[in-house]
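See structure below.
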Amino acid sequence: VFGKDITLILILNNLSFDHKTVKVDMSASTILYTRRAVTEILKATTSVDLGSKQGKHIRLKIPYSYYGKYLTTDKRIQVTALCEVMHMNGVKLLVEKTIILEDTNIIIKIPRRVVVNKAVNLEISYANPLPEPVSRCVLLVTLMNQQVKIHLARLAPRERSKIHFEFTPRRTGPLQLQVDFSCDKFSHVKGFVTIAVAPA
């Protein structure tokens, strides 16, 4: 989840009866959705001894403080581990994993029944998932082809807050409400919900 430390586990298994030493070069970079690297945020090298038919786990931790300010709006991190079996004529194995950090910031609560031409009160809950305060918070609400920009108070670390938003639907059928939350530390955290508007 965006704002939290990331923990990964690399599992190495020696499938043979021979003892093996594996050198592991690990790196992590923030990337765009096109997989183009933006910034390298972690580099580590370790060596693992594997006995006959033995398996071992290597734990890799990427703290939020490493990736937070380098993350793009795509919220993607590419982790690679190049495993080289020593004294085996350079046998190498490359392991790659792309992590897409999830947002859990926006929660939209709507009444069970929404009726045309009758005012509806929605609750929009938003949060700061970071271990540091954020300011210049803005909520952009899009509904019925109209946008409303709402300036919000600063949020303390891990703080959640909410606002109430009222509107009157003018036609029956599905309506999509989109919410976009931005601040000085991150931008474009989105949430949406489809509202079924019933006849009066």
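Quick caveat, the model's predicted, so the values are computed rather than measured.
L15 is linked by a side chain to side chain contact (heavy atoms under 4.5 Å, CB included) to N13, counting only residues two or more places apart in sequence or in another chain. Partners of Y66 under the ring pair (Phe, Tyr, Trp, His ring centres under 6.0 Å) rule, at least two apart in sequence or in another chain, do not exist in this structure. Partners of E166 according to the salt bridge (Lys or Arg N to Asp or Glu O under 4.0 Å) rule, which considers only residues two or more places apart in sequence or in another chain, do not exist here. Scored by the side chain to side chain contact (heavy atoms under 4.5 Å, CB included) test, N145 finds no partners at all (sequence neighbours excluded). Applying the ring pair (Phe, Tyr, Trp, His ring centres under 6.0 Å) rule to Y126 yields the partners F181; only residues at least two apart in sequence or on another chain are considered. Residues satisfying the salt bridge (Lys or Arg N to Asp or Glu O under 4.0 Å) criterion with K53, sequence neighbours excluded, are absent altogether. Under the rule for a salt bridge (Lys or Arg N to Asp or Glu O under 4.0 Å), the partners of K109 that lie at least two apart in sequence or sit in another chain are E123. For K23, the salt bridge (Lys or Arg N to Asp or Glu O under 4.0 Å) partners are D25, not counting sequence neighbours. In this structure R171 satisfies the side chain to side chain contact (heavy atoms under 4.5 Å, CB included) test together with L175, sequence neighbours excluded.
Checked by atom type and distance alone, the side chain of N128 pairs as donor or acceptor with a backbone atom of A156 at under 3.5 Å. Judged by distance alone, the side chain of T30 and the main-chain N or O of T39 form a donor-acceptor pair under 3.5 Å. A donor-acceptor contact shorter than 3.5 Å links the side chain of N14 to the backbone of G51. Using a distance-only test at 3.5 Å, with no hydrogens or angles considered, no donor-acceptor pair links the side chain of S125 to the main chain of K162. Between the side chain of K56 and the backbone N or O of D49 there is at least one donor-acceptor pair closer than 3.5 Å.
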Note to self: Run the side chain to side chain contact (heavy atoms under 4.5 Å, CB included) test on I195 and V120 for me, step by step, so that the C-alpha distance in whole Å, both residues' side-chain angles and the decisive distance to 0.1 Å come before the verdict.
What the structure shows: CA-CA 11 Å; I195 303 167; V120 182; over 6 Å; no

Item checked: Working for side chain to side chain contact (heavy atoms under 4.5 Å, CB included), residues L122 and F167 -> CA-CA 8 Å; L122 305 175; F167 77 99; 3.7 Å; yes

Margin query: side chain to side chain contact (heavy atoms under 4.5 Å, CB included), that's the test. Do C83 and L10 meet it? Break it down for me.
Written below: CA-CA 10 Å; C83 307; L10 176 67; 4.2 Å; yes

Note to self: Go through it in stages, so that I can follow the logic: the residues are Q78 and T98, the test is side-chain hydrogen bond (donor to acceptor under 3.5 Å, both in side chains), and I'd like the CA-CA distance, side-chain angles, deciding distance and then a yes or no.
What the structure shows: CA-CA 4 Å; Q78 176 93 4; T98 300; 2.6 Å; yes

Checklist line | Intermediate values then yes/no, side chain to side chain contact (heavy atoms under 4.5 Å, CB included), L140 and Q147 | finding: CA-CA 7 Å; L140 192 64; Q147 285 192 333; 3.8 Å; yes

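Closest of all the heavy-atom pairs between P131 and P157 is C-CB, 3.6 Å. Scanning all heavy atoms of the two residues, the minimum distance from S47 to T21 falls at OG-CG2, 3.5 Å. Summarising the geometry of G55 relative to L50, their closest heavy-atom pair is C-CD2, 4.3 Å, with the distance given to 0.1 Å. The two residues L32 and D74 come nearest to each other via the heavy atoms CA-OD2, 3.3 Å. Closest approach of V38 to T72, counting heavy atoms only: CG2-CG2, 3.7 Å. The shortest heavy-atom contact between Y67 and I41 is CB-CD1, 3.6 Å.
Between V148 and L143, every side-chain heavy-atom pair lies at or beyond the 4.5 Å cut-off.
Cluster annotation: I31 and M26 are assigned to distinct hydrophobic clusters (Ile/Leu/Val/Met/Phe/Trp/Tyr, side-chain heavy-atom contacts under 4.5 Å, transitive).
Between the OG1 atom of T46 and the CG atom of L60 there is a distance of 10.5 Å, given to the nearest 0.5 Å. Interatomic distance, L93 CG to E84 CD, rounded to the nearest 0.5 Å: 11.5 Å. Here the straight-line distance linking atom CD of E132 with atom CZ of R158 works out to 9.5 Å at 0.5 Å rounding.
With a 4.5 Å cut-off between side-chain heavy atoms of Ile, Leu, Val, Met, Phe, Trp and Tyr, the cluster of V138 takes in none. Other members of the cluster containing F17 do not exist, because no ILVMFWY side chain is joined to it at under 4.5 Å. Grouping Ile, Leu, Val, Met, Phe, Trp and Tyr residues whose side-chain heavy atoms lie under 4.5 Å apart, directly or via other members, places I9 in a hydrophobic cluster with I11.
Looking at E96 and R35, a side-chain N of the basic residue comes within less than 4.0 Å of a carboxylate O on the acidic one, giving a salt bridge.
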